[in-house]
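Before I ask anything, here is the structure I am working with.
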Amino acid sequence: MTIAPYNPTSVHPLFPQFCPCSDCPYYLNLDNYITKDGTYPVKTENQRRQRLYCHLGEHRFSEMAYSPLFGHHGSFFEYTQTAKMSSYGLSCDQIADVLERDTRTILQWQKALGQKSQSFHLALCTLIGLTLTFLQMDEIWSYLKKKKRQMWVFITLEASTKFWVNFELGSRTGHTANRLLKRLVYMMPFGFADFLLITTDKLAAYETAIALYFQKVRYAYLQIVKQRIKKRLVTVKKRLVTGKESDFGQKTQNTSYIERFNLTLRQKVSYLNRKTLGYCKSQKQAQWVMWLNLFDYNYCQFHKSLRQDLTGQSVKFQRRYNHLTPAMKMGLTSTRLEWRDLIVAPIPQKAHHFVTSTGL
Ligand SMILES: [Zn+2]
């Protein structure tokens, strides 16, 4: 069974429009009938906004009501700029200065965009479904307010599609690794397909967490043990935990993809930039900015290594490559998404409401 990928220009059968007004008796009701009902102008921008009509509740609402940005007095342009600057590694003070807004306003927008990114990502992953074949997990070091308070970001990357599956913030212990794996299993309500390859570094927390949460999954697990003397890499050893050495092909006995990805992240998230003042002051805010970046990386940006060569050679006036985002490669979306598509996407703020109401 394959489910059609999400396309922002048409209504997807799994993501029907619903009434987003919590005071309406037909709030989140999926048997509702929603139609377009004209547009309305906004002072702050030229583009008009779409108005919709809830037929059961007999009232109108704005397309903005589908996102927590509803009621925030910014324009689409400003929201998009905030999102883009947040994913180019600018700190909120810098963004506030560029947009001539208050820093607290930018923090609120980042939070709202992060919340919507999270519910969007979880809804698409759980309802359309992921195909995981090769997972790499790693953690990046960062700190909260002062260097002594360590904050680690645990990350799961699907290496063959370069899809950033999920992440978790916390200490470098089993707790964070357990949460990472627990949420990963939650994102796979249809279970895991076939056979899974996993590579991580030597952190013991992964081994126990994988053994605990992947009991029903067929997998092979390889640890890459790197030995460093005075920060210089001396040896790389492989330690097979589960499975056979032959399960892993030539290019899979490493954690290279995620290490390259870590570099991308350090570049893009101001909280992970090294030796700057844009470090993290609040873990909650860091989480929203990470979600925002996850959306940008998975759904908005084309990934260079995923491009498909159409002609095999460069021919004049002919398009050579077909570019893909990680989400397109994963089969979740049919096109590259814009930030506006995220803001007006008919996905409830708490995705699990929706997941339970559709019978999963
Ligand atoms: Zn309604």
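Just so it is clear, the model here is predicted, and its values are computed rather than measured. Quick note: numbers below take in every heavy atom, side chains included, and nothing from hydrogens, waters or symmetry partners. Start at 1 and go down the list; that is how both ligands and their atoms are numbered.
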* Structure fact -> Which of Trp152, Tyr297, Trp291, Phe261 passes ring pair (Phe, Tyr, Trp, His ring centres under 6.0 Å) with Phe167? It is Trp291
* Listing residue and atom name, which protein N/O/S atoms are closer to the Zn ion (ligand 1) than 2.8 Å? -> Cys19 SG, Cys24 SG, Cys54 SG, His59 NE2
* Aromatic contact, Tyr66 with Phe18 (centres under 6.0 Å) -> yes
* Asked: With a cut-off of 6.0 Å (strictly less than), are more than 12 heavy atoms of other residues, nucleotides or ligands near CZ of Phe214?
  -> yes
* Asked: Are any of the side-chain nitrogens in Lys226 or Glu259 under 4.0 Å away from the carboxylate oxygens of its partner?
  -> yes
* Glu63/Arg340 ion pair, N-O < 4.0 Å -> yes
* Short N-O contact, Asp309 and Arg320, less than 4.0 angstrom -> yes
